Amino acid sequence: MRERFSIFSFFEIFTIIIAIIVVSFTAVLILAIVLKGLPYLGQAFYSEEVRFAVKLSLYTASISTIICMTLAIPTAYALTRTSFPFKKMCQMIIELPLSMPYLVLGLSLLIIFSSDFGKAMKELGFKVVFDKNGIIIAQTVVNLPYVIRFIRTAFEEVDERLEFISGSLGATKWERFITITLPLSKNAIITTIILAWSRGLGEFGATLMLVGATRMKTETLTTSVYLNLATGDTGASMASATIILIISLISLFLTNWIGRKNPQESRMKDVNR
């Protein structure tokens with residue numbers, strides 16, 4: 001027993017040391033941005049270019065998040081509560097972009113919207129390539145598989161017996177979804193919205209391939225970092241990076257705050273209602 005306890009204690013110490021190394025390295029990365037970016041943060045807000053990048057980033061991330069949630073919730077429900085042919089294959093196809101580089105996803109979008117289909121959409125007034133609409137589409141394509149996976153997991157954790165009991169009392173599937181599945185998944189859905197929005201702000205690879213990097217036109221915060229760094233304006237690039245970091249920290253705080261709520265307690269409150 002002593003030998004086992006000794007080995008276990010050594011293993012714990014080893015894991016703690018590794019954790020400290022990881023935390024220290026991550027903290028250095030964050031501090032490097034904060035210490036370099038804070039001195040330029042004040043003047044960045046007086047820069048018309050940075051204000052444009054902030055507004056465009058907030059706008060595109062918000063729209064793409066709404067689109068992701070609109071598509072992800074019914075898709076996740078179909079994957080968890082219905083049976084249809086080739087469901088496993090459909091799930092694999094949906095999650096395939098998770099393992100693909102964002103540049104490749106952006107290239108796929110560029111091919112699609114540079115085709116006759118894309119030209120037809122442009123003639124109808126919906127321009128995508130080198131336009132802010134392309135930013136929204138790129139953010140949606142990148143985030144949608146993550147959002148579907150998170151919501152699918154949340155729906156799977158809901159006790160289906162509650163839905164069965166509700167159904168036996170005469171509730172339709174739509175009523176069961178609205179009164180049971182959705183309320184019991186609300187914390188996970190809110191967390192997913194925040195994470196998707198934050199990830200949308202930080203998307204770069206697919207956006208760069210589809211809309212390029214044009215100042216005051218398709219310039220988001222991440223594009224601003226890229227453009228200013230490429231032209232040697234380290235101060236402006238670090239200021240944009242600091243803004244992204246601040247938004248990410250706020251998003252992380254909100255998700256952790258929501259996550260600290262007792263899921264079982266929240267579930268009981270929703271059931272009692």
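One is the number of the first residue; the rest follow in order along the sequence. Computation of the quantities below employed the complete heavy-atom set of this structure, encompassing side-chain atoms and omitting hydrogens, waters and symmetry-equivalent molecules. Keep in mind it's a predicted model, so treat the numbers as computed, not measured.
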Donor-acceptor check, side chain of Ser168 to backbone of Ile165, threshold 3.5 angstrom: yes or no?
yes

Report yes or no: does Thr223 contribute a side-chain atom to a donor-acceptor pair with the main-chain N or O of Glu219 at less than 3.5 Å?
no

message = Check for me whether the distance between the ring centres of Phe204 and Tyr226 falls short of 6.0 Å.
response = yes

> Which pair of heavy atoms, one from Leu98 and one from Pro145, lies closest together, and at what distance?
Replying inline: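 Shortest heavy-atom separation between Leu98 and Pro145 comes out as CD2-CB, 3.6 Å.
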
Is a salt bridge present between Glu163 and Lys173, judged by a nitrogen-to-oxygen distance below 4.0 Å?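 Between Lys173 and Glu163 there is no salt bridge, as every charged N stays at least 4.0 Å from the carboxylate O atoms.
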
(message) Whether Arg152 and Glu95 form a salt bridge (side-chain N of Lys/Arg under 4.0 Å from carboxylate O of Asp/Glu) is what I want to check.
(response) yes

So CZ of Phe52 and OG of Ser57: to nearest 0.5 Å the spacing works out to 9.5 Å

Rounded to the nearest 0.5 Å, the CD atom of Gln91 sits from the CG atom of Leu96 at a distance of 12.5 Å

Worksheet item: So, is the end of the Arg199 side chain (NZ or CZ) under 6.0 Å from the ring centre of Tyr146 and within 45° of the ring's axis?
Response: yes

Next on the checklist: Does the Lys NZ or Arg CZ of Lys217 fall within the cation-pi geometry relative to Phe130 - under 6.0 Å from the ring centre and within 45° of the axis?
Outcome noted: no

inquiry  = Please verify the inter-ring angle class for Phe155 with Phe177; under 30° counts as parallel, over 60° as perpendicular, anything in between as tilted.
reply    =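 Taking Phe177 first and then Phe155, their aromatic rings stand perpendicular (interplane angle over 60°).
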
**Asked** Using a distance-only test with no angle check, is there a side-chain donor-acceptor pair under 3.5 angstrom linking Ser62 and Trp197?
**Response**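 Side chains of Ser62 and Trp197: pair found under 3.5 Å.
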
